[in-house]
Asker: 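Pasting a structure below so you can have a look.
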Amino acid sequence: MFEPNRVYFFDTTLRDGEQAAGVNLNVQEKLQIAKQLEKMKVDVIEAGFPAASPGDFSCVQAIARETRNSVVAALARTREGDVRAAAQALAQAEKPRLHVFLATSPLHMEHKLRMTPEEVLNEARAGVSLARSLAAEVEFSAEDACRSDPDFLIKVFKTAVEAGAVVLNIPDTVGYAVPDEFGALCRKIIEGVAAPEGVIFSVHAHDDLGLATANSLAAVKAGVRQVEATVNGMGERAGNSALEEVVMGLRTRSDFYGLTSALETKRLYPVSRLVSRLCGTAVPPNKAVVGANAFAHESGIHQHGVMAERTTYEIMTPASVGIPQSKMVLGKHSGRHAFEERLNALGFELTGEALQSAFERFKALADKKKTVQDNDLEAIAGQLEQTLPGPIELMGFVINAGTLIDGTAIIKLRVGERVIQKVAMGDGPADAAFKAINEIVGQDFTLDTYQLGAITEGGDAMGECVLRLTLDGRTVTGRGVSTDIIEATIKSYIHAANKLLG
Ligand code: KIV
Ligand code: ZN
């Protein structure tokens with residue numbers, strides 16, 4: 001049963017979020033994110049779209065198996081094959097939800113579905129009924145709801161309820177709505193459907209006009225009680241409502257909304273870091289709630305105000321969203337406990353050997369640097385996160401580069417049981433290294449994007465490389481960190497190659 005004054009959070013980072021261009025997470029990465037989402041107490045984790053690919057199917061299956069507290073949702077079109085695949089992937093879930101969607105706008109019905117409104121009603125009934133026969137909880141989404149005829153939407157939702165849906169989702173699929181209008185549409189639908197107790201309305205807003213969060217909040221004000229959102233607002237095209245923005249909007253303005261949620265907001269920042277790292281998508285510094293500058297006060301007047309009384313210019317505290325209070329400096333005398341705690345706050349959960357190894361690296365760095373900052377820790381732990389088991393391991397390299405010679409790389413790799421070394425020339429050191437790796441592995445990986453940056457400050461800064469590699473139509477992100485940017489580059493390439501071959 002849903003509580004009337006509570007907003008339920010449906011996180012779709014692993015489904016719609018992963019539809020963001022160039023993002024491709026593997027099973028381990030999705031599981032890692034799902035575990036953190038569950039810890040943050042999101043109500044529902046949408047784990048994927050099982051009919052889309054065998055990879056998606058396995059991810060949903062793995063998350064369903066390992067998640068105990070959050071509901072696990074799987075997406076399906078109304079067609080039988082999709083619904084059965086989603087039900088099968090959810091078979092081991094403690095709390096499964098089958099999420100069925102069908103488009104309802106004239107545009108989509110005519111050009112995409114090639115169905116009449118009558119046929120769409122029948123299709124919705126059939127899809128939801130089948131889903132209900134296979135899963136305890138069914139959500140129905142009317143795709144492109146904001147460009148649909150509201151009276152037709154009411155009919156479709158009534159049909160979905162009769163067929164067994166308990167969550168009725170109103171998606172702004174193309175990010176077309178504006179808040180007043182969206183709120184009014186939600187209100188009209190809620191009144192028109194007059195759903196029985198035990199049924200709630202949901203929204204799923206896209207950010208094409210930068211209004212996703214505003215639209216989601218307007219919908220909540222109108223009576224909607226589930227919000228679909230993603231961490232950092234990731235998603236198809238301009239993305240989705242950002243989970244951290246909606247929840248902090250509701251919490252900070254509880255005087256206006258008067259609603260609660262179960263979400264542990266102190267976990268927002270660590271989860272944001274984790275998602276950014278694993279997806280290879282940087283969070284803009286001015287991003288609301290979790291951006292690097294979200295709590296930075298630059299102007300003298302503001303600084304003075306905050307020092308005198310924090311609330312003069314701060315409407316929420318960094319601590320409330322889990323931004324580490326870096327006041328406690330980590331250095332060579334810091335203990336393992338403080339180190340581990342800070343890592344957790346940054347979204348890492350290292351255990352056993354990995355934790356020990358990270359601690360040793362931290363101590364070694366602390367010997368060189370007076371204080372170790374959060375980005376140093378991210379670099380240290382990130383290095384371990386990358387050493388995913390995979391067939392390729394870097395044994396060593398030599399690079400020759402300059403303005404007077406072609407870039408030349410000697411790369412030595414362990415590939416399975418064999419150690420192979422090759423020399424290659426290229427257009428600069430990175431290109432030469434990539435060519436040598438391709439030759440050793442015998443694969444023609446294509447480099448799509450390549451970014452280099454410094455993640456810590458000073459002469460001994462850690463360099464970070466994030467790149468995207470494609471093989472046979474599959475694209476993955478690779479990340480490498482090192483004080484040597486060439487090593488970071490080679491490591492990131494191998495990280496991605498291991499994902500593609502693993
Ligand atoms: O944007 C959308 O309409 C969707 C649905 C599948 C809910 O992602
Ligand atoms: Zn969407």
Side-chain angles (χ1 to χ4, degrees), residues 8-21 23 42-53 56 60 71-79 82-83 85-86 89-90 97-109 111-113 120 123-124 127-128 131 137-148 152-153 156-157 160 165-177 182 185-186 189 200-213 215-216 219 224-243 245-246 279:
Y8 291 83
F9 280 95
F10 176 114
D11 182 280
T12 183
T13 308
L14 300 177
R15 199 276 298 168
D16 211 323
E18 208 222 7
Q19 285 173 220
V23 174
V42 302
D43 298 286
V44 187
I45 299 171
E46 187 165 52
F49 185 178
S53 71
D56 243 36
V60 175
V71 171
V72 177
L75 186 68
R77 288 166 293 188
T78 42
R79 52 183 77 165
D82 274 35
V83 176
L90 288 173
R97 179 184 294 179
L98 222 154
H99 178 193
V100 179
F101 75 100
L102 181 65
T104 50
S105 66
L107 257 168
H108 280 233
M109 289 193 289
H111 299 289
K112 190 181 81 178
L113 300 176
V120 164
E123 179 73 14
V128 174
E137 195 170 87
V138 176
E139 168 168 343
F140 174 76
S141 283
E143 194 190 8
D144 204 17
C146 290
R147 294 188 298 171
S148 304
F152 180 61
L153 272 178
V156 179
F157 282 133
V166 288
V167 182
L168 304 174
N169 186 32
I170 309 169
D172 181 16
T173 303
V174 291
Y176 179 73
F182 195 44
L185 175 70
C186 292
I189 291 173
I200 56 166
F201 286 85
S202 163
V203 282
H204 173 111
H206 277 272
D207 207 29
D208 299 66
L209 294 174
L211 294 170
T213 298
N215 282 334
S216 299
V224 160
R225 287 294 176 264
Q226 176 181 280
V227 174
E228 302 197 355
T230 58
V231 174
N232 300 334
M234 281 180 48
E236 187 83 40
R237 304 184 311 280
N240 291 56
S241 291
L243 181 78
E245 292 174 13
V246 180
C279 295

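Note that ligands are numbered from 1 as they come in the structure, with each ligand's atoms numbered from 1 the same way. Fair warning: this is a prediction, and the values are worked out from it, not measured in the lab.
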Asker: Got a sec, which residues hit ring-ring contact (aromatic ring centres under 6.0 Å, His included) with Phe9, two or more places apart in sequence or on another chain?
Answerer: none
Asker: Considering the options Thr173, Thr104, Asn169, which one meets the side chain to side chain donor-acceptor pair (under 3.5 Å) requirement together with Ser141?
Answerer: Asn169
Asker: Quick one: does Asn215's side chain have a donor or acceptor within less than 3.5 Å of a partner on Ala205's backbone?
Answerer: no
Asker: Looking at Glu228 and Arg15, is any side-chain nitrogen of the basic one under 4.0 Å from a carboxylate oxygen of the acidic one?
Answerer: no
Asker: Could you check ligand 1 for N or O atoms lying under 3.5 Å from protein N or O atoms and list the pairs with distances?
Answerer:
unit_1, atom_1, unit_2, atom_2, d
ligand 1, 1 (O), His204, NE2, 3.2
ligand 1, 1 (O), His206, NE2, 3.1
ligand 1, 3 (O), Thr173, OG1, 2.6
ligand 1, 8 (O), Arg15, NH1, 3.3
ligand 1, 8 (O), Arg15, NH2, 3.0
ligand 1, 8 (O), Asp16, OD2, 3.1
ligand 1, 8 (O), His204, NE2, 3.1

Asker: Please assess Val71 against Phe10 for the test side chain to side chain contact (heavy atoms under 4.5 Å, CB included), listing each intermediate value before the final yes or no.
Answerer: CA-CA 9 Å; Val71 171; Phe10 176 114; over 6 Å; no
Asker: Under the rule for salt bridge (Lys or Arg N to Asp or Glu O under 4.0 Å), what residues qualify as partners of Glu137, not counting sequence neighbours?
Answerer: Arg97
Asker: Counting distance only, does the side-chain N/O of Ser241 pair as donor-acceptor with the main-chain N or O of Ala212 below 3.5 Å?
Answerer: yes
Asker: With heavy-atom distances below 4.5 Å as the criterion, would you say the side chains of Asp172 and Asp208 are in contact?
Answerer: no
Asker: Is any protein N, O or S atom closer than 2.8 Å to the Zn ion (ligand 2), and if so, which?
Answerer: Asp16 OD2, His204 NE2, His206 NE2
Asker: Are the side chain of Asp56 and the backbone of Phe49 linked by a donor-acceptor contact shorter than 3.5 Å?
Answerer: yes
